[in-house]
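Numbers restart at 1 for each chain; the letters A, B, ... are given by sequence-line order, proteins then strands. Quick note: numbers below take in every heavy atom, side chains included, and nothing from hydrogens, waters or symmetry partners.
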There are 2 protein chains.
Amino acid sequence: MKELILEKIDQAVKILNEKEIDMWLTFVRETGNMKDPMMDMIVGTHATWQSAFIITKSGETHAIIGSLEFENMKSTATYKNIHPYLKSVKEKLLEVIGKINPNKIAVNYSRNSILADGLTHGMYLELMDHFKNTPYSDKLVSSEEIIATLRGRKSPKELSLMKEAIKETLKIFEQVTEFIRPGVSEKQIADFVLELVNKKGYGLAWDKEQCPAVFSGPGTAGAHAKPTERKVQPGHVINMDFGLNINGYCSDLQRTWYVLRPGENKAPFEVQKGFDVIKESIQLAAAELKPGKLGWEIDLVARDNILKHGYEEYPHGLGHQLGRFAHDGGALLGPRWERYGNLPYLPIEEGQVFTLEPRLTIEGYGIATIEEEVVVTKNGCEFLSEPQKEIYLIRS
Amino acid sequence: MKELILEKIDQAVKILNEKEIDMWLTFVRETGNMKDPMMDMIVGTHATWQSAFIITKSGETHAIIGSLEFENMKSTATYKNIHPYLKSVKEKLLEVIGKINPNKIAVNYSRNSILADGLTHGMYLELMDHFKNTPYSDKLVSSEEIIATLRGRKSPKELSLMKEAIKETLKIFEQVTEFIRPGVSEKQIADFVLELVNKKGYGLAWDKEQCPAVFSGPGTAGAHAKPTERKVQPGHVINMDFGLNINGYCSDLQRTWYVLRPGENKAPFEVQKGFDVIKESIQLAAAELKPGKLGWEIDLVARDNILKHGYEEYPHGLGHQLGRFAHDGGALLGPRWERYGNLPYLPIEEGQVFTLEPRLTIEGYGIATIEEEVVVTKNGCEFLSEPQKEIYLIRS
């Protein structure tokens with residue numbers, strides 16, 4: 001835990017140098033009630049009273065915290081300089097910033113990126129009050145670029161935690177294949193998965209009401225909805241979207257099954273074709289993914305392949321980054337649609353972990369969708385999940 | 001769950017009428033990553049894209065949400081009017097507010113109260129952008145008063161959930177009494193408790209690193225610190241601070257033990273005296289607690305009693321409210337110290353649940369502290385926890 005944080009703080013110092021920003025301030029309070037999304041990555045403990053966590057371009061780290069939390073911060077051991085205060089954070093904060101004398105102060109707020117927007121408006125007003133009669137309020141910039149870069153570049157330790165989460169997730173998919181049979185409901189499949197997760201003491205990558213998400217047959221919601229009482233039937237294509245959180249890092253994967261009808265021993269032509277187009281779209285996109293490319297270019301490869309085969313395009317992006325959250329980082333493998341803002345235009349970097357998750361509807365059967373995870377390497381990308389090669393067949 | 005939320009929304013409408021505020025807006029996004037502290041109480045589900053939850057003085061409820069979450073919001077069934085949007089929240093938001101034509105808009109930000117400060121600064125800037133060329137930005141007020149009142153007034157259903165959490169917490173204290181013996185460490189006691197909690201599938205009322213907090217003997221940190229390898233010894237006074245979260249509601253209780261030395265069959269005079277002074281201070285404070293009193297008046301009763309017996313005063317407030325969080329609500333039973341702001345001056349209301357938790361140091365033995373929970377009634381208060389009457393004795 002501590003090593004992981006020190007590794008990310010080191011990375012942050014490099015990024016501050018790249019972006020020529022002298023200091024990065026994360027300003028928080030009562031993180032037990034509402035936690036700035038960066039706390040777990042760059043602090044590693046909670047803060048009750050107004051607290052400032054400062055990382056500088058020259059590699060200094062300062063934690064300015066309530067005095068009752070001094071012992072706790074010391075034993076967390078992630079910040080070199082700890083400044084406890086009794087009455088108000090203001091004096092120590094101004095003293096530390098005064099010594100740094102920064103050109104710019106990157107602060108934890110952002111209009112575009114929730115992961116960089118941990119500063120509440122009440123706390124912003126407090127900060128402006130502390131900065132009254134100083135030059136600091138004019139030096140504020142959003143920390144969104146620092147955070148997008150820092151969260152994107154996975155360290156070797158982060159990658160190994162993510163691989164662990166993927167491995168365990170794939171094991172659970174295997175057990176699901178054994179469990180599915182005609183007559184069980186989507187909800188029963190989800191409950192089976194949650195029981196396995198609880199037994200192993202793992203966390204979920206997102207809200208348990210929709211993790212796993214399970215959709216059986218034609219005419220389902222297909223995404224962003226809870227498992228229902230709908231029962232698995234022969235002739236259904238089933239898909240499941242599921243991820244674990246193990247030691248603070250998330251997986252996010254999807255798999256597709258087909259339930260054989262009496263007399264069938266393989267999936268019918270149209271189901272097989274749908275599955276194959278998804279599988280191929282993922283491989284085509286992965287072949288193009290490398291540092292310097294833009295996210296929309298990768299999305300377009302998969303999207304075009306699906307359109308070319310006569311299916312409707314998927315109503316979302318091809319893939320997102322993941323890490324401590326299931327939706328993490330900045331750059332997105334998404335289309336150039338207004339709702340994605342500038343994210344599809346950010347250049348892809350080495351060390352980023354993306355999902356690849358195209359989908360298409362197989363009329364009368366259900367939804368085919370596979371979601372794999374890849375890490376961007378120096379010249380391309382590598383699969384972190386063993387890709388699904390064949391549609392999983394369920395016998396009646 | 002749904003009934004509990006509808007009950008709180010009804011209460012909110014009454015409070016808007018009392019305070020003569022036409023509408024209350026809770027503006028959020030990506031609550032899966034960082035959740036406004038009011039979401040569980042007045043919404044009951046998550047929101048991914050910019051979303052507005054509006055409650056009006058006339059009893060209307062409006063949820064303006066991303067269209068992919070329409071089904072989810074409908075099945076949550078806590079808001080009567082659901083307005084899904086595709087591209088931007090702005091149009092629907094202005095349309096709904098236009099019809100309400102409010103005198104004031106209470107919004108989820110606050111300098112003083114973290115529970116009312118769920119709006120991030122980035123989202124505040126977004127809101128100001130949506131409100132450009134409208135009169136609405138001039139009508140904004142903090143929702144802190146509404147929230148303090150709403151969180152304070154416990155409904156019968158909330159009270160019964162809190163009683164359940166208290167009952168289970170007291171059961172665990174009993175098991176701890178069986179477990180403590182000379183030679184076990186603070187950390188072993190804490191681990192024993194956490195195992196019981198896991199086995200029952202309960203949540204903790206605060207950060208598990210300090211829940212339970214266990215302090216054995218003289219010279220410990222005494223509060224806000226993790227259990228250590230320090231071992232229980234004859235002659236130690238032990239205290240433990242612990243709370244559960246069951247079905248979303250928290251308990252927070254403390255108990256005191258004494259470890260008999262060879263030849264002792266009761267606590268020595270000075271230990272007994274310290275314990276009795278704490279016990280008495282709680283009863284004296286409870287006797288004064290009733291609607292209309294101010295928090296500092298109640299704190300002073302316990303504080304004076306402790307000083308009168310020759311002990312140092314405790315370095316914190318006598319008690320705080322609890323509910324969905326261990327530190328909840330507004331009004332505080334605290335001294336008139338600057339760091340508590342206006343909270344000790346807010347009048348006490350019927351239905352509020354407070355802790356009573358004075359402490360004192362017994363030189364050479366440890367810290368005596370009991371924490372009970374009471375609910376404010378029409379003319380006084382009632383104990384929700386069966387008060388600790390005798391110091392628990394551990395035989396060597």
Side-chain angles (χ1 to χ4, degrees), chain A residues 29-37 45-46 48-49 66 68-72 75-76 86-88 107-127 129 142 144 198 201 206-207 209-210 221 223-226 228 315-316 324-328 337-339, chain B residues 29-37 45-46 48-49 66 68-72 75-76 86-88 107-127 129 142 144 198 201 206-207 209-210 221 223-226 228 315-316 324-328 337-339:
Chain A
R29 69 175 165 194
E30 283 278 15
T31 59
N33 287 4
M34 191 164 98
K35 187 162 63 177
D36 183 293
T45 187
H46 54 85
T48 303
W49 300 278
L68 260 174
E69 290 178 334
F70 179 66
E71 286 301 325
N72 180 56
S75 73
T76 305
L86 192 64
K87 291 189 175 162
S88 161
V107 174
N108 51 328
Y109 74 81
S110 165
R111 289 179 64 166
N112 300 306
S113 164
I114 175 78
L115 294 170
D117 194 28
L119 184 72
T120 61
H121 185 56
M123 281 289 278
Y124 171 82
L125 296 175
E126 288 288 296
L127 189 64
D129 211 38
S142 166
E144 61 194 10
N198 280 340
W206 60 90
D207 189 354
E209 295 200 337
Q210 297 181 13
H224 278 258
K226 297 178 208 181
T228 70
H316 51 68
R324 285 188 173 269
F325 294 103
H327 290 179
D328 209 307
W337 296 346
E338 196 185 325
R339 76 178 212 234
Chain B
R29 68 176 165 193
E30 281 279 14
T31 59
N33 287 4
M34 192 164 96
K35 187 161 65 177
D36 184 292
T45 187
H46 55 84
T48 304
W49 301 277
L68 260 175
E69 291 178 333
F70 179 66
E71 287 302 325
N72 179 56
S75 74
T76 304
L86 191 64
K87 291 190 176 164
S88 161
V107 174
N108 51 328
Y109 74 82
S110 165
R111 288 179 64 165
N112 300 304
S113 164
I114 174 79
L115 295 170
D117 194 29
L119 184 72
T120 61
H121 185 56
M123 281 289 279
Y124 172 82
L125 296 175
E126 288 287 296
L127 189 64
D129 210 39
S142 166
E144 61 194 10
N198 280 341
W206 59 91
D207 190 354
E209 294 199 337
Q210 297 181 14
H224 278 258
K226 297 178 207 180
T228 70
H316 51 68
R324 285 188 173 269
F325 295 102
H327 290 180
D328 209 307
W337 297 346
E338 197 185 328
R339 77 177 210 236

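How far OH of A/Y124 is from CZ of B/R111: 12.0 Å, rounded to the nearest 0.5 Å. For the atom pair NZ (B/K35) and CG (A/D207), the distance works out to 8.0 Å, reported to the nearest 0.5 Å. Interatomic distance, CG of B/L68 versus NE2 of A/H316, reported as 9.0 Å (0.5 Å rounding).
Closest of all the heavy-atom pairs between B/D36 and A/M34 is CA-SD, 3.8 Å. Residues A/S75 and B/K226 share a closest heavy-atom pair of OG-NZ, 3.7 Å.
Within the 4.5 angstrom heavy-atom criterion, only side-chain atoms of A/W49, from C-beta onward, approach chain B. In this structure, the portions of A/E126 lying under 4.5 Å from any heavy atom of chain B include both its backbone and its side chain.
Listed by chain and residue number, B/D117 satisfy the side chain to side chain donor-acceptor pair (under 3.5 Å) test with A/R29 (two or more places apart in sequence, or in another chain). Remark: B/Q210 engages no residue in a side chain to side chain donor-acceptor pair (under 3.5 Å) (not counting sequence neighbours).
Of the listed residues (A/S110, A/G32, A/S113), the one with the most heavy-atom contacts under 4.5 Å to chain B is A/S110. Among A/N198, A/L119, A/N108, the residue making the largest number of heavy-atom pairs under 4.5 Å with chain B is A/L119.
Between B/Y109 and A/H121, the angle of the ring planes goes over 60°, which puts this pair in the perpendicular group of the 30/60° scheme.
Considering A/N33, A/T48, A/T31 in turn, A/N33 is the only one that fulfils the side chain to side chain contact (heavy atoms under 4.5 Å, CB included) rule with B/I114.
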